[in-house]
Amino acid sequence: MKPSHLSAFSRFSSRATVPVVALVLAGLTATGCAPSTSDNSSKEDEKSGKLRVWLFQEVNNAPKKKVIDKAVAGFEKEHDGTDVEVSYIPIDTRAQKIKAAFNDPKSAPDVMEFGNTDTAGYVKDGGLLDISKEFGAWSDSTNIDPTAKYSLTIGGKVYGAPLFVGVRALYYRTDVFKELGLEPPTTQDELIATAKKIRSERPDLYGLAVGGAYTYGAMPFIWANGGDLANEKGKFGSNEYEAAIDSPDAQKGVKAYTSLFGDDNCPASKCAQWGGNDTIEAFASGKAGMAIGGDFSHQAIEAGKVKGKYKVVPLPGVKEGEIAPAFAGGNNIGVLKSTSHRTLAVELLKTLAGKQTQRELFDSMGFLPTFTDVRGSVADKDSFVKPFVKTLNDSAKFVPASPGWAAIDSQLVLPTMFQEIVSGRKSVGSATKDAAKKMDEAFQQ
């Protein structure tokens, strides 16, 4: 499926998620948020009746449906007189459908799934219900990881619960590393040197597959060098931002990432246009020695030529022993303000996003749980996810929780910046300053 920013991470797999992005997280393309709406808040709180749920349709939806059907059956059994109707909506056309729901409560669901980068825009548009009180009283919420909670917190208020999370790490070819006598890199400098060593010794390969439109693969370089995309203005939780992509530390990260575009690793003529899916495809098809991919990239790589010939480690930071911070993509579940079943809808949300459901979604779909205790137990059971869990636990970060992020994403501000640099059209200083100006305009709007 096409990458989308819902789950905020590129979907080169059977799962239909978030960026990606389009967060270009994967080189994803963002879709517009709904226009501002009138206040459709319901004053009713019916304790029985029909509850409508919208969830995203996966490429292979049967395993997800089986888990959800079981959770819904349990909920209906515990809540006499309730009938839960679940619809699976296409991700590619979700924007139009959600717009209509925000503007017409009669067509709206009570509960819906959405990408974590969509949260701020949907709150601004008046579509999501503030459930801070219920979330705070939910005993399980204390085990939700802070980054996942941050993606739901706008202006100090909580607008849902996280359903799953995804993050990136470093895939590397064990056969190539053995042939060349290489060890997995432990610092960012080693990573860059290793990439160029592979390209030098094996010119048929890209050392590290990178993409000029792979924003979420580039972010770890910026964060690892102490930089950031933007800084929050005023007190924490204000959700007002000013761009920081042109700060000295952010520029160090941009320089490190863009140094990988060249004939000595991944030629700009080819790689400047790549998004996250392209880099994973290059690795899966045996054309690259390394790639920055997500836990959600696993199935695509397993289906490729490198099956059985790769391993995964956390992406190294600047200093030995550090892990480069990675973007925590994923999807959330929220309640719409227009629901006439507030209490039941929140209870259903807790069932759908609860520990048991998340555990079963991992078993059936590979979705990483957002509860730290559940995630720890699945990592003990599945060694593949350990590098991703370690990254999430140690250094996960999120994009600015601002409605302006959707505009920054859809206008390809950061991909344009990277492509201007690797093409030689602009210096790092000039390109980052121009990008910062565009970001500030989006934040202010």
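Count residues from 1 along the sequence.
- Atom OG of residue S200 and atom CG of residue N265 lie 11.5 Å apart, to the nearest 0.5 angstrom.
- Panel note: side chain R94, backbone I91; a donor-acceptor pair is recorded below 3.5 Å.
- Side-chain N/O atoms of Q358 and T370 include a donor and acceptor closer than 3.5 Å.
- Classification of the F371-W138 ring pair by plane angle, with boundaries at 30° and 60°, yields perpendicular.
- When side chains are defined from C-beta on, L414 counts as touching M439, because their heavy atoms get closer than 4.5 Å.
- Using cut-offs of 30° and 60° on the angle between ring planes, the pair F388 and Y171 is tilted.
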Would you mind writing out the side-chain donor-acceptor pairs for residues 247-256 within the sub-3.5 Å range, not counting sequence neighbours?
from: S247; atom 1: OG; to: A244; atom 2: O; distance (Å): 3.0
from: S247; atom 1: OG; to: A250; atom 2: N; distance (Å): 3.2
from: Q251; atom 1: NE2; to: D246; atom 2: O; distance (Å): 3.2
from: Q251; atom 1: NE2; to: T432; atom 2: OG1; distance (Å): 3.0

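- A 4.5 Å side-chain heavy-atom check between L163 and L361 finds at least one atom pair inside the cut-off.
- In this structure, Y206 has its ring center under 6.0 Å from that of W274.
- Nearest heavy atoms, I408 versus A442: CG1-CB, 3.6 Å.
- Between the side chain of T194 and the backbone N or O of P185 there is no donor-acceptor pair closer than 3.5 Å.
- Remark: K397 engages D228 in a salt bridge, criterion side-chain N to carboxylate O under 4.0 Å.
- Of the charged side-chain nitrogens involved, at least one lies within less than 4.0 Å of a carboxylate oxygen, so that K381 and D363 count as a salt-bridged pair.
- What you find for G317 and A224 is that their closest heavy atoms are CA-CB, 4.3 Å.
- Considering all non-hydrogen atoms of both residues, V312 and P387 come closest at O-CG, 3.3 Å.
- Ion pairing of K64 with E113 is present here, as a side-chain N (NZ or NE/NH1/NH2) and a carboxylate O approach within less than 4.0 Å.
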Practice task
With side chain to side chain contact (heavy atoms under 4.5 Å, CB included) as the test, would you mind laying out the steps for M365 and E58 before giving the verdict?
Solution key: CA-CA 10 Å; M365 303 292 292; E58 309 296 335; 3.7 Å; yes
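- Ring planes of F443 and Y241: tilted class, angle from 30 to 60°.
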Enumerate donor-acceptor pairs with a distance under 3.5 Å from any side-chain N or O in residues 186-193 to protein atoms, sequence neighbours excluded.
from: T186; atom 1: OG1; to: E190; atom 2: OE1; distance (Å): 3.0
from: T186; atom 1: OG1; to: E190; atom 2: OE2; distance (Å): 3.3
from: T187; atom 1: OG1; to: E190; atom 2: N; distance (Å): 3.1
from: Q188; atom 1: OE1; to: N225; atom 2: ND2; distance (Å): 3.1
from: E190; atom 1: OE1; to: T186; atom 2: N; distance (Å): 2.9

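- Within the 3.5 Å criterion, the main-chain N or O of V167 finds a donor-acceptor partner in the side chain of D295.
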Practice task
Please assess R173 against V306 for the test side chain to side chain contact (heavy atoms under 4.5 Å, CB included), listing each intermediate value before the final yes or no.
Solution key: CA-CA 8 Å; R173 289 272 299 276; V306 298; 3.4 Å; yes
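- We find the CZ-CG distance between F398 and L152 to be 8.5 Å, quoted to the nearest 0.5 Å.
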Handout entry: Working for side chain to side chain contact (heavy atoms under 4.5 Å, CB included), residues L182 and I198
Key = CA-CA 9 Å; L182 300 172; I198 293 171; 3.6 Å; yes
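- Within a 6.0 Å radius of CG in D263, no more than 12 heavy atoms belonging to other residues, nucleotides or ligands are found.
- Taking the ring-ring contact (aromatic ring centres under 6.0 Å, His included) definition, one finds that Y88 meets it with nothing, sequence neighbours left out.
- Looking only at side-chain heavy atoms (C-beta outward), P220 and L315 come within less than 4.5 Å of each other.
- Applying the ring-ring contact (aromatic ring centres under 6.0 Å, His included) test to residues at least two apart or on different chains, the pairs with a partner in residues 173-193 are Y172-F177.
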Problem - Check against side chain to side chain contact (heavy atoms under 4.5 Å, CB included), E347 and E78 - result: CA-CA 11 Å; E347 286 301 309; E78 292 175 4; over 6 Å; no
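- Residues E302 and K307 are paired through a salt bridge, judged by an N-O separation under 4.0 Å between the basic side chain and the carboxylate.
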Problem - Pair D264-K196, salt bridge (Lys or Arg N to Asp or Glu O under 4.0 Å): steps then yes or no - result: CA-CA 6 Å; D264 57 354; K196 295 183 178 182; 3.4 Å; yes
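- Using a 4.5 Å heavy-atom cutoff, the side chains of Y122 and T119 are not in contact.
- No more than 12 heavy atoms of other residues, nucleotides or ligands sit less than 6.0 Å from atom NZ of K149.
- We find the OH-CZ distance between Y310 and F283 to be 8.0 Å, quoted to the nearest 0.5 Å.
- The environment of NZ in K157 is sparse: at most 12 heavy-atom neighbours from other residues, nucleotides or ligands sit within 6.0 Å.
- E240 contributes atom CD, which lies 13.5 Å from atom CG of N231 (distance to the nearest 0.5 angstrom).
- For T147 against A396, the heavy-atom pair with the smallest separation is OG1-O, 3.4 Å.
- What you find for M417 and A435 is that their closest heavy atoms are SD-CB, 3.8 Å.
- The disulfide (SG to SG under 2.5 Å) analysis of residues 129-199, with sequence neighbours excluded, yields no pairs.
- In this structure, E281 does not pair ionically with K287, as no charged nitrogen and carboxylate oxygen lie closer than 4.0 Å.
- Looking only at side-chain heavy atoms (C-beta outward), D382 and F362 come within less than 4.5 Å of each other.
- A salt bridge does not link R52 to E85: none of the charged side-chain nitrogens sits closer than 4.0 Å to a carboxylate oxygen.
- Here the side chain of S383 pairs no donor or acceptor atom with the backbone of A379 at under 3.5 angstrom.
- In terms of modelled atom types and a separation under 3.5 Å, the side chain of S423 and the main chain of Q419 share a donor-acceptor contact.
- S132 places a side-chain N or O within 3.5 Å of a backbone atom of V158 that can act as its donor or acceptor partner.
- With hydrogens and angles ignored, the 3.5 Å screen pairs no side-chain donor or acceptor of E76 with any backbone N or O of A73.
- Minimum interatomic distance between I333 and F114 (heavy atoms only, all atoms of both residues): C-CE2, 3.8 Å.
- Every residue two or more places apart in sequence or in another chain that forms a side chain to side chain contact (heavy atoms under 4.5 Å, CB included) with K70 is listed here: E360.
- Atom-to-atom distance recorded for R359:CZ and S377:OG is 5.0 Å, nearest 0.5 angstrom.
- Within the 3.5 Å criterion, the main-chain N or O of P314 finds no donor-acceptor partner in the side chain of T391.
- Note on K355 versus D373: salt bridge recorded, some NZ/NE/NH1/NH2 to OD/OE distance being below 4.0 Å.
- A donor-acceptor pair under 3.5 Å is absent between the side-chain atoms of N393 and the main chain of D145, judged by distance alone.
- The OH atom of Y214 sits 10.5 Å away from the CG atom of D278 when rounded to the nearest 0.5 Å.
- In this structure, the side chain of R168 does not engage the main chain of A326 through any donor-acceptor pair within 3.5 Å.
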